[in-house]
Novice: 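Sending over a structure as structure tokens; questions will come in a sec.
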Protein chains: 2
Amino acid sequence: MATIADVARAAGVSPMTVSNVINGHPHVRDSTRAKVLAAMTALDYRVNVAARNLRRGRTGVIGLAVPEVNRPYFAQFAAAIIAAAQRRDLRVSIEQTGATRENELAVLGLSRNRLYDGLILSTVGMGAADTEHLKVPYPVVILGERIFNGPVDHVAMPNAGGARAAVRHLADRGCRRIAMLTGVETTEVGVSELRLTGYRLALQDLGLRYDPGLVQRMDEMSMGAAAERVHAMVTGGLDFDGLFCLTDTAAMGALRALADLAVAVPEDVKVIGFDNIEEGRFLVPSLSTVDPDHQAMAESAVGLLARRIDGGAGHEEFVSRFTVIARESTAV
Amino acid sequence: MATIADVARAAGVSPMTVSNVINGHPHVRDSTRAKVLAAMTALDYRVNVAARNLRRGRTGVIGLAVPEVNRPYFAQFAAAIIAAAQRRDLRVSIEQTGATRENELAVLGLSRNRLYDGLILSTVGMGAADTEHLKVPYPVVILGERIFNGPVDHVAMPNAGGARAAVRHLADRGCRRIAMLTGVETTEVGVSELRLTGYRLALQDLGLRYDPGLVQRMDEMSMGAAAERVHAMVTGGLDFDGLFCLTDTAAMGALRALADLAVAVPEDVKVIGFDNIEEGRFLVPSLSTVDPDHQAMAESAVGLLARRIDGGAGHEEFVSRFTVIARESTAV
DNA sequence: TTGTATGCGTTATCAC
DNA sequence: GTGATAACGCATACAA
């Protein structure tokens with residue numbers, strides 16, 4: 001637990017010089033540097049990050065608030081964020097909000113304590129009415145739609161566009177009664193609504209009638225809930241030949257339910273998801289999906305945040321590009 | 001950005017009294033407390049965590065080092081750890097090691113900087129020879145086998161026992177040529193070897209011959225690699241009627257490959273995994289597995305760490321209990 | 001019950 | 001090129 005002072009004493013220099021060596025200042029004589037480095041090694045010196053943080057007014061840590069890391073999509077995203085942060089010498093502390101407005105607001109408060117240099121926040125529970133809460137004295141990047149006018153950067157998925165393309169993909173493969181498995185939205189511009197908009201737009205494009213009965217809303221986007229709902233849809237006699245699921249996770253549950261009921265995929269019903277989680281490739285049948293390019297989103301989120309932390313101004317919005325990935329679940 | 005001093009001035013008391021109020025000290029007159037609280041609200045005061053950390057010599061953050069959060073098993077574990085830590089008012093910062101020894105050692109160095117109060121480390125790349133590296137001046141809980149003699153707590157999975165039960169489960173369902181999909185182990189007491197031990201013990205129990213040709217080692221435990229290997233096993237004419245996979249993730253790849261080759265599961269080959277990831281329930285066929293009770297492991301890991309952070313002594317080992325979960329992939 | 005003094009370890013400033 | 005000084009904001013020990 002040696003301190004800079006200990007090192008300075010051992011090397012016969014002032015603490016300041018040690019600090020200069022540590023931080024790679026240019027104006028240090030080589031022989032001095034060598035002495036200091038030797039003393040540091042001898043004493044097994046380690047910087048005390050807490051002291052440095054206090055002095056510098058920074059922590060080198062960014063917060064990442066997601067509903068739950070144990071959801072394939074967020075796990076994938078978190079992994080990408082951590083990797084991108086690592087490249088910039090930033091650490092990532094993860095908060096789980098459970099997708100509730102309350103917890104999302106609480107996380108926003110945390111960074112006020114200078115716990116984090118900045119925050120990447122996945123807003124699921126918060127709505128446009130909460131814009132005020134985003135006026136915090138540190139950089140925030142919202143992972144989600146541009147639903148706030150506050151001074152924050154946004155990294156958004158191509159929700160409407162991706163959904164539109166997914167539904168068109170189903171139609172291209174011959175589907176005419178396309179159902180959608182979506183969520184109960186707390187906000188008017190959340191993921192569910194935006195993808196639903198894409199769904200409706202696609203129907204318009206295609207000249208298909210919008211049938212509210214085909215839009216199935218679930219309280220919770222879990223595999224289990226999706227399986228149950230699809231089970232109910234089929235046994236309830238709902239007529240559909242295509243199914244667009246809000247997420248790949250929900251699609252996994254849907255595929256399972258269809259298998260249980262001996263509804264053949266893709267012959268009887270074609271299924272497409274959204275997110276392109278890794279597991280989708282290995283399901284039987286493999287899952288068609290919309291890939292929103294998490295990699296680019298993560299890189300952009302960390303990049304925007306880092307720029308703002310370093311004093312950059314202005315609020316940007318990044319919308320990633322999507323790709324429809326055709327696999328067995330929508331084969332002709 | 002008000003400080004304690006600002007609040008004290010506003011409330012007409014000393015900084016110390018403000019501090020006492022913040023930290024809930026008992027001996028503060030109610031009227032004084034009220035004054036202080038009012039001033040805090042008025043100035044929107046927030047504790048500066050960096051300063052508090054420096055003073056207290058603690059950060060309130062624990063590190064969690066795993067190969068990658070984007071692997072179902074570790075995602076599940078991370079979620080449980082974060083939740084358990086939250087209950088104890090600790091935050092969790094995640095480091096991804098990529099399962100390399102190098103990075104695992106690097107993480108051990110990090111906490112030396114008083115970045116974390118303690119560390120939960122999933123050792124995959126490190127071996128018994130690295131015991132010395134664990135002698136660090138802060139609490140460490142190893143997630144993995146008791147392969148080190150260092151002063152660290154262990155939270156281990158019932159690797160050998162779980163594997164033994166899994167293989168016995170296959171045999172009970174009629175399998176006689178049971179293959180195992182495992183990893184190339186860098187250490188002599190890693191997960192692969194321990195589960196392989198369980199595999200061999202089970203064969204002994206059952207009076208079945210050990211055939212090295214049935215033990216398939218892979219460099220990487222990904223779904224893709226597993227699929228490729230199983231494909232090669234089948235097309236190469238390897239004769240097996242049961243398959244024990246090191247992880248559920250590998251099993252997912254295996255199931256996919258078997259489906260591609262029209263090998264019926266469970267009729268032709270029965271498959272069982274290890275980990276009980278959530279996805280397993282929804283696969284077609286659903287995946288039998290060994291559940292090592294992550295919840296208990298996570299709770300125990302955080303508990304042990306918290307106890308050590310608070311000065312508790314002694315090194316403990318917690319081995320969770322397992323359950324074999326029978327699903328369709330091993331149905332008779 | 002409240003206040004004073006002091007130090008945690010680092011680094012910015014500015015002088016030498 | 002190097003060093004003295006001060007300050008970051010808080011909490012501990014002790015005094016009043």
Novice: Please classify the nucleic acid contact of B:I4 as base, sugar-phosphate, or nothing, using heavy-atom distances under 4.0 Å.
Specialist: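 B:I4: backbone/sugar contact only, no base atoms under 4.0 Å.
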Novice: Would you say C:dT2 has OP1 or OP2 under 4.0 Å from some side-chain N or O of B:T17?
Specialist: no
Novice: Got a sec? Which of residues 32-51 of chain A come in under 4.0 Å of DNA chain D, heavy atoms?
Specialist: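 Listed by number, they are A:T32.
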Novice: Taking atom types as modelled and ignoring hydrogens, do the side chains of B:T100 and B:N103 form a donor-acceptor contact shorter than 3.5 angstrom?
Specialist: yes
Novice: Under the side chain to side chain contact (heavy atoms under 4.5 Å, CB included) criterion, do B:N48 and B:R52 qualify, and how do the steps go?
Specialist: CA-CA 6 Å; B:N48 181 323; B:R52 171 180 283 178; over 6 Å; no
Novice: Could you check whether any side-chain heavy atom of B:E278 comes within less than 4.5 Å of a side-chain heavy atom of A:R71, counting everything from C-beta outward?
Specialist: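 In short, these two side chains do not touch, never coming nearer than 4.5 Å.
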Novice: Find the distance B:R58:CZ to D:dG9:C1' and express it as a whole number of Å.
Specialist: 19 Å
Novice: Can you find a pair of side-chain heavy atoms, one from A:R91 and one from A:I62, that are under 4.5 Å apart?
Specialist: no
Novice: Measure CG/B:D6 against C1'/D:dC10 and give the value in whole Å, please.
Specialist: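 Rounded to whole Å, this separation is 13 Å.
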Novice: Does OP1 or OP2 of C:dG9 have a side-chain N or O of A:T3 closer than 4.0 Å?
Specialist: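 It does not, given that no N or O in the side chain of A:T3 lies less than 4.0 Å from OP1 or OP2 of C:dG9.
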Novice: Quick check: do B:V69 and A:I82 have side-chain heavy atoms less than 4.5 Å from each other?
Specialist: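 With C-beta onward as the side chain, the pair touches.
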Novice: Output the rounded distance in Å from CG (A:L54) to P (D:dG9).
Specialist: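 It is 7 Å, rounded to the nearest whole Å.
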Novice: Do B:L143 and B:L121 have side-chain heavy atoms sitting under 4.5 Å apart?
Specialist: no
Novice: Do side-chain atoms of A:E317 reach the backbone of A:D153 as a donor and acceptor pair under 3.5 angstrom?
Specialist: no
Novice: Considering residues, nucleotides and ligands other than B:R321, do more than 12 of their heavy atoms fall under 6.0 Å from its CZ?
Specialist: no
Novice: Any heavy-atom pair between the side chains of B:T97 and B:V66 that's under 4.5 Å?
Specialist: no
Novice: Provide, to the nearest angstrom, the distance between the CZ atom belonging to B:R114 and the P atom belonging to C:dG9.
Specialist: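 Rounded to the whole Å, the gap is 7 Å.
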Novice: What protein N or O atoms touch nucleotides 12-16 of chain D N or O atoms at under 3.5 angstrom, if any, and at what distances?
Specialist:
{"unit_1": "D:dT12", "atom_1": "O4'", "unit_2": "B:R55", "atom_2": "NH2", "d": "3.2"}

Novice: Using whole Å, what does the distance between atom P of nucleotide C:dG9 and atom CG of B:N113 come to?
Specialist: 14 Å
